[in-house]
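Read the numbers this way: they start at 1 and go in the same order the structure lists the ligands and their atoms. Just so you know, these numbers use all the heavy atoms, side chains as well, and skip hydrogens, waters and symmetry mates.
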Amino acid sequence: MAAADMHGIPIWLTVGHGWPLAALTGFACLLAGLGLAQVLLRRRGEARAERAHNLLLDTALNNMSQGLCMFDAAARLVVCNRRYLDMYGLSADVVKPGCLLRDLLRHRIDLGNFSGDPDRYSADLQQAIARGQTTKTMVESRDGRLVAVVNQPMQGGGWVATHEDITELRRAEMERDRNRTFLDTLFEHMPITVTVKDARDGRYILVNRAAEALFGVPREQMLGKRIHDVYPKAEADFFTARDREIMQAPDRLVVTEHAVNTPHGTHILMSKKLAIRGENGEPQYLLGLSEDITERKRAEERIDYLAHHDPLTDLPNRAAFNGQLSFARERALAADGMFAVLCLDIDRFKEVNDVFGHSAGDAVLRDVAKKLAGAADGAFLARLGADEFAFISSEGAQPAAAAALAQRVQSAFAAELDVEGYRRRAELSIGIAIFPTDGADSAALLANAGAALDRAKEEGRGAIHFFAATMDLELRERRALQQDLQSAIARNELALHYQPQARVDGEIVGFEALARWQHPTRGMVSPGIFIPLAEESGLIVPISEWILRTVCREAASWPRNLQIAVNLSPVQFRHGDLAGLVHMVLLETGLSPDRLELEVTEGVLIDDFSRAVSILRRLKSLGVRIAMDDFGTAYSSLSYLQSFPFDKIKIDQAFISNVERNRQSAAIARAVIALARVLNLPVLAEGVETKEQLAFLAREGCDEVQGYLIGRPRPIAEYSSLLTRRTRTRKKPTTIADETPLTRAGRR
Ligand code: C2E
Ligand code: MG
Ligand code: MG
């Protein structure tokens, strides 16, 4: 650098004004020395400041989050920061001031983070900069990072480039966009209606698709409007009232269930309202969520209805009846009043089902239900079971009101019903119990009305019976008897009587075993009483097993190969392995199967027809015979005779006892005998008591007889002579009663 430039004062200006040269020279030297020192001092200060400034700049540059580099107009690097080098993993030996942009790019290509043509890029950029353009580009590095590059022209040529890694930022933006799209989709497709209103003016801000669909108003017509501008007044008033409620207690969630009228009819909504507060704590938005619960409500109502109604007749069912009974009782207790329970049963309903089929049975039940409902006159009517109906009569003075209701019901059934084209009279038995006299609680009242019904049925068809205290006593007696029956076998109280069976010519062919119960205090209890008790409690199963084993053992011991008939209960067909039991007992006792006859009634076939038939077939395959007992008393369905190859028909004694007096009975007996003949089935007539009856049966071609005329049921010891007698010669049937010793023995 030149001295003048350096010092700033030309030296020659200070020489030549009378001072001795040496002094002048010395002074000049002093001055020069002083000036120089001054200059040097200033220079040093400036350099220090510059260094400090540079340091500051360096620190700022190297601590920037962006990569920065500056190029001059010739595209030479002036400066770059450390972040720039780090971002691309550049070498400071290559990337240093003076380095050309295109060389820098080549270096980046080598490192794999630039993919363009360096010369082209550099030239294009320089042109853009020369035009004063700022360029912005997005560069994606090989490792998937995104860098935003901005080249900003500088005055006097050259430019500053900033490189910003925006990978995270972009990722966050994308995530935010995805979330937003997701929320929008969710909001749009939510099955519940969502609306958002501005809390200050009540105008709609957001409305989803479900809300549009439910209210039938396009959202363009809703957004920016108030509720009264959009909905009918009634709905609008309702919603506005809820909004007001929410505004008064903004932290509360208001939940309501309400009906609204929509273009698609009335809908039931479950609505939730919530106020959302702004930063100032004031409610800013009103959020409304409504779920359309119409279908659910209808389903619930339907389920509730089905739970309390009988689907066939549409009448209330037993559950509903029990509820109503408790209600009637509470009401009567509170008012110190009375009410009546009437139990009804269609007489011989099973016969309809059996003969005409189940659809006819269903039609009869529907018809009966309709007739009963017509006679109810305010009384509560329910169907309790198959053909069991019941009324609760709470209006009017009792027992008169109950009696009047029963009479109304009976007269409603005076006309015949039409069953599959046949005219039939359906008769109803009715049992009545009054609260509180006939039962203090619901269960007792219902049980006693049931007991009265049983009594009504015993009295004959179409009877009405009020519960009486004596019936309660009978019920308790029955229960006591049932209790005693449990130990009857163990206490050896059961016995067997044997009743002879003969051909019409008088020849004894076998016996029917009939059970007897010798009760320790009550004396002889008839099987007509204890067998149903045993069936009710299930005790019939062990009792029958005992009977079968005892009878077979007894018969196996007889010298003559007489046949032996044993009665079976329908209950045995439902429980246990009946065929297995018979097989086992035959093996145990050594009785020849062809000597054993098992008597069944039609009741066996009614409960579960196919199961019963399959058991009967298994029994028959053992080699035993099956007789149809009491034919004519139950349903006497010919289809039963067809469905199983019975070995014998036993005509019930009810017909035989009347053959002489009643033309109908005689006709029935005659028809059954003729039928059996066609089917090639032997017929036995039960309850033959007179010679006339025997003569009638002989005339009609009946094969066998049983009854007091031949012999009463007795302990086998009393018939011991018959067991050893040899087969006698045939006699004329009419003389059988007079001449055979067996009848004399039996008619004691
Ligand atoms: P059932 O099988 O029809 O038996 C015939 C019934 O008629 C017997 O009544 C018998 O004593 C009665 N009897 C016989 N001949 C005459 C007569 O000439 N005139 C009259 N009026 N009656 C006569 P019992 O012994 O009282 O039995 C009644 C019913 O009890 C039986 O009817 C049968 O259904 C049932 N039973 C009896 N013993 C048993 C048994 O061991 N097991 C099962 N499951 N039931 C039985
Ligand atoms: Mg029998
Ligand atoms: Mg019988």
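Only the side chain of Gln499 comes within 4.0 Å of ligand 1, counting heavy atoms alone; its backbone N, CA, C and O stay farther away. The proximity of His497 to ligand 1, defined as any non-hydrogen pair under 4.0 Å, does not occur for either the backbone or the side chain. By the criterion of a heavy-atom distance under 4.0 Å, the side chain of Gln653, and not its backbone, is placed next to ligand 1. Counting heavy atoms closer than 4.0 Å to ligand 1, residue Asp629 contributes side-chain atoms (C-beta onward) but none from N, CA, C or O. Of all the heavy atoms of Asp630, the ones lying under 4.0 Å from any atom of ligand 1 belong exclusively to the side chain. By the criterion of a heavy-atom distance under 4.0 Å, both the backbone and the side chain of Leu514 are placed next to ligand 1. Contact annotation for Arg712 and ligand 1: no heavy atom of the residue comes within less than 4.0 Å of the ligand.
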Query - Arg618 and Asp577: CA distance, side-chain angles, deciding distance, salt bridge (charged side-chain N to carboxylate O under 4.0 Å, His left out) verdict - result: CA-CA 11 Å; Arg618 281 183 60 206; Asp577 174 16; 3.6 Å; yes

Requested in this report: Please step through ring-ring contact (aromatic ring centres under 6.0 Å, His included) for the pair Phe511 and Trp558, ending with a clear verdict.
Outcome: CA-CA 12 Å; Phe511 290 90; Trp558 299 340; 5.5 Å; yes

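Contact check on Arg503 versus Glu704 returns no salt bridge, with no Lys/Arg side-chain nitrogen under 4.0 Å from an Asp/Glu carboxylate oxygen. Comment: Asp484 does not engage Arg491 in a salt bridge, judged by the lack of any side-chain N to carboxylate O separation of less than 4.0 angstrom.
Counting the atoms of ligand 1 from 1 in the order shown, those under 4.0 Å from a heavy atom of Val688 are 18 (O). Every atom of ligand 1 is numbered from 1 in the order shown, and the set under 4.0 Å from a heavy atom of Leu568 is 44 (N).
Among all protein heavy atoms, the one lying closest to atom 5 (C) of ligand 1 is Glu686 OE2, 3.8 Å. What sits closest to atom 11 (O) of ligand 1 on the protein, heavy atoms only, is Pro713 CG, 3.3 Å. Counting only heavy atoms of the protein, atom 21 (N) of ligand 1 lies nearest to Glu689 OE2, 3.2 Å. The closest protein non-hydrogen atom to atom 35 (C) of ligand 1 is Pro527 CB, 4.4 Å. For atom 42 (N) of ligand 1, the nearest non-hydrogen atom of the protein is Asn567 O, 3.5 Å. Scanning all protein heavy atoms for the shortest distance to atom 38 (N) of ligand 1 gives Ala515 N, 3.0 Å. Regarding atom 41 (O) of ligand 1, its nearest protein heavy-atom neighbour is Ile547 CD1, 3.3 Å.
The nearest pair of heavy atoms linking Glu599 to Ala565 is OE2-CB, 3.4 Å.
The closest approach between Lys650 and ligand 1 stays at or above 4.0 Å for every heavy atom of the residue.
With contacts defined as side-chain heavy-atom distances shorter than 4.5 Å, the pair Phe389/Leu428 does not qualify. Between Ser429 and His465 the shortest side-chain heavy-atom distance does not fall below 4.5 Å. When side chains are defined from C-beta on, Phe644 counts as touching Ile626, because their heavy atoms get closer than 4.5 Å.
Where the criterion is an N or O separation shorter than 3.5 Å, residue side chain and backbone included, Glu512 meets it with respect to ligand 1. The shortest N/O to N/O separation between Tyr708 and ligand 1 falls below 3.5 Å.
Under the 3.5 Å distance criterion, the side-chain polar atoms of Gln499 are matched with a main-chain donor or acceptor of Gly711. For the pair Asn448 (side chain) and Phe467 (backbone), a donor-acceptor distance under 3.5 Å is absent.
By the 6.0 Å and 45° rule, Arg712 stacks over the aromatic ring of Tyr708. A cation-pi geometry, defined here as NZ or CZ lying under 6.0 Å from the six-membered ring centre and within 45° of its normal, does not hold between Lys648 and Phe631.
The name of the N, O or S atom in Glu599 nearest to the Mg ion (ligand 2) is OE1. Shortest distance from the Mg ion (ligand 2) to Glu512 is reached at OE2 (N/O/S atoms only).
Look at Asp630 and the Mg ion (ligand 3): an N/O/S atom of the residue is under 2.8 Å from the metal. For residue Asp629, an N/O/S atom approaches the Mg ion (ligand 3) to within less than 2.8 Å.
The protein reaches atom 44 (N) of ligand 1 closely, with a heavy atom under 4.0 angstrom from it.
Checked against Glu388 for a salt bridge (charged side-chain N to carboxylate O under 4.0 Å, His left out), the options Arg318, Arg383, Lys457 give a single hit: Arg318.
With a 6.0 Å radius and a threshold of 12 heavy atoms from other residues, nucleotides or ligands, Gln664 has its CD atom at or below the threshold.
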